[in-house]
Colleague: 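Right, I'll just put the structure down here and ask away after.
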Amino acid sequence: MDMAVNLEDKYKQLLRGKKIPLLVLDNKWHQLFLVEKKNRTIKKLEAELNQLLQRQGKLGTDIKDMKKIKSGLLQEIQENMEEAEKSSKVQKKQEKNQRMIVEINDKTNAYEAELEDIPDKLEEVNEQLMLETMNVFYNLMKKNDERIEEIVTWVKEIREQVKDNMVQKTTLEEYNTTIYGYLHDVLGADVVNIFDLKYLKKQENDGD
């Protein structure tokens, strides 16, 4: 376990300063898992990245909307400044608008601070996802290499067997030719032909 942690730290040091694209936005990263299933860790990190991206988008939209509302409130306050001096109702409305502006400022500051932290969080989680992805597929490639070696060994053995069998086949064929020639010379063509018919008939029967 300690070895794995030390190795991960080593990789992190080597990768420091390297620009790693957001994997969940990379179609080729998703294609890696068309056959190989995502493990629990990869699913968790992927979900975390997607949540951060969604939060980043929502914060940006909310900040933009709040600034727009604030701008409208400020304009309303400015337009009603003179009227507020004459009407308590308008003055209360102005005070309410000012309180809303303070609330909007506080919320905007909090959202902007959160938004500022998100890129670092995205980078951290993305790096973890990259390391886990590398672990999964390098282990897979290692298993594939081991299987390839098994196949190469098997093919080599089969080739040797095929080579031996071909030599044996040629030897037996030559032996049969020699035997047939001796029989033909000793017994004569007429006798050998009779045995040829019997031999061929037996082969046909054995084949059936």
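Since this is a predicted model, take the numbers as computed values, not measurements. Index from 1, following the sequence.
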Colleague: With a 6.0 Å cut-off (strictly less than), is the heavy-atom count around CD of Gln78, excluding the residue itself, greater than 12?
Modeller: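 No - once you tally the heavy atoms of other residues, nucleotides and ligands closer than 6.0 Å, there are 12 at most.
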Colleague: If hydrophobic clusters are built from ILVMFWY residues whose side chains come within less than 4.5 Å, do Val155 and Met166 share one?
Modeller: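 In one cluster with Val155: Met166, yes.
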Colleague: Do Leu45 and Leu49 come within less than 4.5 Å of each other through their side chains, counting heavy atoms only?
Modeller: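 No, every pair of side-chain atoms sits at 4.5 Å or beyond.
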Colleague: Just by distance, no angles: are the side chains of Glu157 and Gln161 close enough, under 3.5 Å, to form a donor-acceptor pair?
Modeller: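 No - no donor-acceptor pair under 3.5 Å links their side chains.
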Colleague: Please answer whether the main-chain N or O of Glu46 pairs with a side-chain N or O of Asn50 as donor and acceptor at a distance below 3.5 Å.
Modeller: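 At least one qualifying donor-acceptor pair exists.
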Colleague: Report yes or no: do Leu34 and Met134 belong to one cluster of Ile/Leu/Val/Met/Phe/Trp/Tyr joined by side chain heavy-atom distances under 4.5 Å?
Modeller: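 As far as the 4.5 Å side-chain criterion goes, Met134 and Leu34 are not connected within one cluster.
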Colleague: Distance-only, no hydrogens or angles: does the Asn126 side chain make a donor-acceptor pair with backbone N or O of Pro21 under 3.5 Å?
Modeller: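 Checking the backbone N and O of Pro21 against the side chain of Asn126, a donor-acceptor pair under 3.5 Å is found.
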Colleague: Out of curiosity, does Ile158 fall in the hydrophobic cluster containing Ile151 (side-chain heavy atoms, cut-off under 4.5 Å, transitive links)?
Modeller: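 In one cluster: yes.
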Colleague: Linking I/L/V/M/F/W/Y whenever any side-chain heavy atoms sit under 4.5 Å apart, do Val102 and Ile104 land together?
Modeller: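 In one cluster: no.
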Colleague: Please report the shortest heavy-atom distance between Leu32 and Phe137, naming the atom on each side.
Modeller: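 Scanning both residues completely, I find the closest heavy atoms to be O-CZ, 3.4 Å.
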Colleague: How long is the gap from CD on Glu79 to CG on Leu74, to the nearest 0.5 Å?
Modeller: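 Interatomic distance, Glu79 CD to Leu74 CG, rounded to 0.5 Å: 11.0 Å.
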Colleague: At their closest point, which heavy atom of His30 faces which heavy atom of Val24, and how far apart are they?
Modeller: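 Here His30 and Val24 meet closest at NE2-O, 2.9 Å.
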Colleague: Before giving the answer on side chain to side chain contact (heavy atoms under 4.5 Å, CB included), spell out for Val152 and Lys156 the whole-Å C-alpha distance, their side-chain angles and the decisive distance to 0.1 Å.
Modeller: CA-CA 6 Å; Val152 168; Lys156 187 176 179 181; 5.5 Å; no
Colleague: Quick check: do Lys142 and Asp145 have side-chain heavy atoms less than 4.5 Å from each other?
Modeller: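 They are not in side-chain contact.
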Colleague: Do Glu132 and Gln128 have side-chain heavy atoms sitting under 4.5 Å apart?
Modeller: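 In short, these two side chains do not touch, never coming nearer than 4.5 Å.
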Colleague: Counting C-beta onward and ignoring hydrogens, is there a side-chain heavy-atom pair between Val136 and Lys38 closer than 4.5 Å?
Modeller: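 Sidechains of Lys38 and Val136: no contact.
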Colleague: In Å and rounded to the nearest 0.5 Å, what is the CZ to CG distance from Arg55 to Leu52?
Modeller: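 Between Arg55 CZ and Leu52 CG, I get 10.5 Å after rounding to 0.5 Å.
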Colleague: Would you call Leu53 and Ile118 a side-chain contact if the rule is heavy atoms closer than 4.5 Å?
Modeller: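 Side-chain contact under 4.5 Å: no.
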Colleague: Are side-chain heavy atoms of Lys67 and Ile63 found at a separation under 4.5 Å?
Modeller: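 The answer is yes; the side chains approach within 4.5 Å.
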Colleague: Between Thr171 and Val167 (side chain of the first, backbone of the second, donor and acceptor by atom type, cut-off under 3.5 Å), is there such a pair?
Modeller: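 Side chain of Thr171 to backbone of Val167, a donor-acceptor pair under 3.5 Å: yes, one is there.
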Colleague: So, for Asn39 and Ile42, which heavy atoms are closest and what is the spacing to 0.1 Å?
Modeller: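 Residues Asn39 and Ile42, closest heavy atoms: OD1-N, 2.8 Å.
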Colleague: Got a salt bridge between Glu173 and Lys169, using NZ or NE/NH1/NH2 to carboxylate O under 4.0 Å?
Modeller: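 Looking at Lys169 together with Glu173, the answer is yes, because their closest N to O distance falls below 4.0 Å.
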Colleague: Salt bridge check: are Lys121 and Glu124 linked by an N-O gap of less than 4.0 Å?
Modeller: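 Glu124 and Lys121: not salt-bridged.
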Colleague: Taking the side chain as everything from C-beta on, heavy atoms only, tell me whether Lys70 gets closer than 4.5 Å to Met66.
Modeller: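 The answer is no; the side chains never approach within 4.5 Å.
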Colleague: What pair of heavy atoms forms the shortest contact from Trp29 to Thr133, and how long is it?
Modeller: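 So the minimum-distance heavy-atom pair works out to NE1-OG1, 3.2 Å.
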Colleague: Out of curiosity, Glu103 CD to Ile69 CD1, how far, rounded to the nearest 0.5 Å?
Modeller: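 Between Glu103 CD and Ile69 CD1, I get 11.5 Å after rounding to 0.5 Å.
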Colleague: Is it true that atom CD of Glu123 has more than 12 heavy atoms of other residues, nucleotides or ligands lying nearer than 6.0 Å?
Modeller: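 Count not over threshold, so no.
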Colleague: Do you know which two heavy atoms are closest between Leu59 and Tyr111, and how far apart they sit?
Modeller: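 What the structure gives for the nearest pair is CD2-CG, 3.6 Å.
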Colleague: Once rounded to the nearest 0.5 Å, what's the spacing between atom CG of Leu23 and atom CE of Met130?
Modeller: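 If we round to the nearest 0.5 Å, Leu23:CG and Met130:CE are 7.5 Å apart.
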Colleague: Are Ile148 and Tyr138 joined in one hydrophobic group, where the rule is that I, L, V, M, F, W and Y side chains link up if heavy atoms are under 4.5 Å apart?
Modeller: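 No: no chain of side-chain contacts under 4.5 Å links Ile148 to Tyr138.
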Colleague: Rounded to the nearest 0.5 Å, what separation is found between the NZ atom of Lys96 and the NZ atom of Lys92?
Modeller: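 Those atoms lie 12.0 Å apart.
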Colleague: Rounded to the nearest 0.5 Å, how far apart are CE of Met100 and CD of Glu76?
Modeller: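 Reported value, rounded in 0.5 Å steps: 9.0 Å.
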Colleague: Is there a side chain to side chain contact (heavy atoms under 4.5 Å, CB included) between Glu112 and Asn109 once you walk through the steps?
Modeller: CA-CA 5 Å; Glu112 285 176 341; Asn109 289 336; 4.0 Å; yes
